[in-house]
Amino acid sequence: MNILIILAGLVILGSASQWLAWRVKLPAILFLLAIGILVGPVLGWVHPDSLFGPLLFPGISLAVAVILFEGALNLRLHEIGGLASVIRRMVSLGTLSSWWILAAATHWIAGFTWSMAILFGAVVVVSGPTVIGPVLRAARPNTRISNVLKWESILIDPIGALLAVLVFEAVIAHHGSTVLSTAVVIFLKMLGAGLLLGIVAGQILGWLLRQRAIPDYLHGVVALGSVFIIFAGANQIAHESGLLAVTLMGIWLANMRDVPLENILDFKESLSILLISILFILLAARLDLKAVEQVIVSGVLLMLVIQFIAQPIKVLLAYDGKELNWKERFMTGWIAPRGIVAAAGAPVYAAQLEALDYPKAHLFVPLTFALIIVTVLLASFTARPIARLLGVSEKDPHGILIVGANVFAIAVAKKLKDWGFRPLLIDDEYRQIQTARMAGLDTFLGSPVSEAADRKLDLVGFGYLLALSTDAARNLIASLRYDPEFGHHAVFTLADRAPSSSPDIVAEVFATDFNGGLKGL
């Protein structure tokens with residue numbers, strides 16, 4: 001099949017999978033893996049190794065670097081609140097405990113040698129923002145749970161990659177190819193190169209952006225080029241230190257003051273979705289289905305080990321009982337899908353293990369993907385019901401997004417606030433927003449259907465939309481935009497223009513009817 005047709009088809013199939021995932025509110029990885037298996041081992045249309053040759057794995061590595069950088073750009077230190085110590089312990093003590101538990105379980109369940117089992121545990125200890133994000137949007141846990149899982153999923157990826165390299169070097173040393181002390185030296189070089197290059201690059205790029213030394217239309221391209229060069233440079237100094245470097249670079253940029261990141265975020269978000277889509281399809285297309293069948297039971301058993309042994313211990317080590325209650329801790333430990341870093345790293349190590357004639361090395365990749373599939377399926381279909389059962393989800397959200405900040409909308413918002421709701425007025429008219437702020441109401445300056453709103457509006461805790469703008473077209477567009485987010489039963493709009501006379505009286509009647517309608521749902 002023509003290579004151009006294959007590439008175009010990958011983009012179309014990836015986009016279709018992302019759209020379907022958005023419609024049914026499930027992680028796109030499920031559909032991407034299914035498509036990859038279909039066009040790869042089932043139909044035989046796509047053969048990634050012959051299609052890309054020696055560029056396949058370097059291309060995968062660069063794509064993962066971009067994905068982690070984009071995720072790191074969304075990490076704001078002020079979001080952590082009092083949970084910094086929790087996140088720190090989860091990615092340190094929690095990661096180490098999960099690694100050893102998974103290693104032991106893999107040895108006993110899958111029959112891997114101890115060396116290969118320890119390496120497998122290091123590879124699959126990571127989660128990843130590509131799978132955590134969709135699960136959180138579907139489950140809608142409270143803000144504290146969401147922030148912990150979001151930070152952990154991004155920080156653990158480069159840490160897991162470093163751990164896997166260290167273990168692999170130790171495996172090579174054990175096999176006789178090198179000495180064990182070499183692994184420690186390599187690890188220290190990885191850590192130093194990643195920290196130094198990541199922080200320096202973030203500071204320099206942030207300074208250039210703040211000084212307006214780069215035109216707006218080049219922000220995304222320059223950032224992408226910076227990610228590539230820092231990733232490649234760090235890896236040149238110490239293998240696999242690039243992921244740590246680009247992650248730190250993104251976090252550093254995200255938390256610098258007065259740095260315009262809007263253009264970079266817009267560019268990187270679209271690029272990351274495209275890269276994730278193509279990556280998962282290509283990686284799934286390389287699978288051997290017969291090998292997957294051999295390890296699917298092992299994958300399920302390992303998933304049970306993760307859910308009922310590794311994660312509970314990880315949570316016990318991470319929390320001291322003060323930050324979150326036991327229900328929130330349980331929910332934090334329950335959501336544990338595996339993602340792109342494990343999928344991208346497993347084939348690299350498997351090829352080298354096979355070259356060293358390790359027994360069952362050909363099952364390394366299938367077992368990784370089996371574990372990814374079952375953990376994602378479990379998180380996708382159980383997170384929301386368990387969050388509701390525990391009472392840690394936003395099942396009864398009191399946040400109401402109100403489109404428009406005119407006199408009538410402000411009057412409605414005041415009345416709803418008096419009744420215990422949390423209204424947020426959104427409008428692109430500064431004077432109206434200023435009036436709403438002076439009335440003590442929360443506001444957002446901008447269009448409700450803009451990219452800025454998609455990126456900056458934190459809708460955790462919001463479950464309803466009131467379209468009260470005097471612009472009927474804007475009300476309609478906003479209703480269509482937020483219908484998939486809240487559901488059509490939670491989106492309300494005025495049939496006619498907002499009343500201009502006696503707004504307080506009409507607002508009270510409207511708010512009363514609205515409140516009564518909510519109680520009747």
Side-chain angles (χ1 to χ4, degrees), residues 6 10 13 17 27 29-54 56-57 60-61 64 102-126 128 131 160 164 167-168 171 175 278-306 337-378:
I6 294 176
L10 290 175
L13 291 173
S17 298
I29 184 177
L30 297 174
F31 305 102
L32 294 169
L33 290 177
I35 290 293
I37 293 172
L38 179 64
V39 301
V42 174
L43 298 177
W45 291 350
V46 178
H47 302 280
D49 293 274
S50 60
L51 187 65
F52 295 98
L56 177 62
F57 288 111
I60 290 174
S61 297
V64 172
L102 278 169
T106 303
H107 172 70
W108 290 320
I109 293 173
F112 285 4
T113 64
W114 272 110
S115 296
M116 203 163 75
I118 292 172
L119 177 60
F120 182 84
V123 170
V124 299
V125 78
V126 297
V131 288
V167 174
F168 182 74
V171 169
H175 199 77
I278 295 176
L279 277 186
F280 274 121
I281 293 176
L282 289 176
L283 291 169
R286 299 181 73 252
L287 286 176
D288 180 350
L289 290 185
K290 292 183 179 179
V292 174
E293 291 176 3
Q294 294 179 38
V295 298
I296 191 65
V297 174
S298 297
V300 173
L301 293 176
L302 285 175
M303 178 267 291
L304 295 175
V305 170
I306 290 173
R338 271 44 187 166
I340 187 65
V341 173
V348 177
Y349 298 117
Q352 298 181 66
L353 291 173
E354 289 185 56
L356 295 173
D357 295 323
Y358 270 83
K360 295 190 176 183
H362 67 289
L363 297 178
F364 198 94
V365 173
L367 183 57
T368 301
F369 274 83
L371 187 60
I372 290 172
I373 292 170
V374 294
T375 54
V376 172
L377 283 172
L378 181 73

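What you see is a predicted model, and the numbers here were worked out from it, not measured in a lab.
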All N/O donor-acceptor pairs, side-chain side in residues 369-376, below 3.5 Å, sequence neighbours left out:
{"from": "Thr375", "atom 1": "OG1", "to": "Arg338", "atom 2": "N", "distance (Å)": "3.3"}
{"from": "Thr375", "atom 1": "OG1", "to": "Leu371", "atom 2": "O", "distance (Å)": "2.7"}
{"from": "Thr375", "atom 1": "OG1", "to": "Ile372", "atom 2": "O", "distance (Å)": "3.0"}

Rounded to the nearest 0.5 Å, what separation is found between the [atom1] atom of [X] and the [atom2] atom of [Y]?
X      : Y      : atom1 : atom2 : result
Ile37  : Leu43  : CD1   : CG    : 11.5 Å
Leu356 : Met116 : CG    : CE    : 11.5 Å
Gln294 : Lys360 : CD    : NZ    : 9.0 Å
Leu102 : Ile306 : CG    : CD1   : 5.0 Å

Discussion item. Suppose we screen for side-chain hydrogen bond (donor to acceptor under 3.5 Å, both in side chains). Which residues come up paired with Asp288, at least two apart in sequence or across chains?
Written reply: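 Counting only residues at least two positions away or on another chain, Asp288 forms no side-chain hydrogen bond (donor to acceptor under 3.5 Å, both in side chains).
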Discussion item. According to side-chain hydrogen bond (donor to acceptor under 3.5 Å, both in side chains), who are the partners of Trp114, at least two apart in sequence or on a separate chain?
Written reply: His107
Worksheet item: Of all residues at least two apart in sequence or in a different chain, which pass the side chain to side chain contact (heavy atoms under 4.5 Å, CB included) check with Val305?
Response: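 Partners of Val305 by the side chain to side chain contact (heavy atoms under 4.5 Å, CB included) criterion, ordered by chain and then number, come out as Ile101, Ala105, Ile109, Ile309.
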Discussion item. I'd like to check the side chain to side chain contact (heavy atoms under 4.5 Å, CB included) partners of Thr106; sequence neighbours left out, ordered by chain and number.
Written reply: Ala110, Phe112, Ala117, Phe120, Leu302, Leu367
List the atom of [X], the atom of [Y], and the distance in Å for their closest heavy-atom pair.
X      : Y      : answer
Pro366 : His362 : CD-O, 3.3 Å
Ala342 : Thr368 : O-CG2, 3.7 Å
Val125 : Gly160 : CG1-CA, 4.3 Å
Ala122 : Ala164 : CB-CA, 3.8 Å
Ala103 : Ile118 : CB-CA, 3.7 Å
Ala346 : Phe364 : O-CD2, 3.9 Å

Practice prompt. Verify side-chain contact (heavy atoms from CB on, under 4.5 Å) between Val39 and Ile6, making sure each step is shown before the conclusion.
Written response: CA-CA 10 Å; Val39 301; Ile6 294 176; over 6 Å; no
Could you give the side-chain donor-acceptor pairs of residues 280-287 under 3.5 Å, partners two or more places apart or in another chain?
{"from": "Arg286", "atom 1": "NE", "to": "Asp49", "atom 2": "OD1", "distance (Å)": "3.4"}
{"from": "Arg286", "atom 1": "NE", "to": "Asp49", "atom 2": "OD2", "distance (Å)": "2.9"}
{"from": "Arg286", "atom 1": "NH2", "to": "Asp49", "atom 2": "OD1", "distance (Å)": "3.3"}

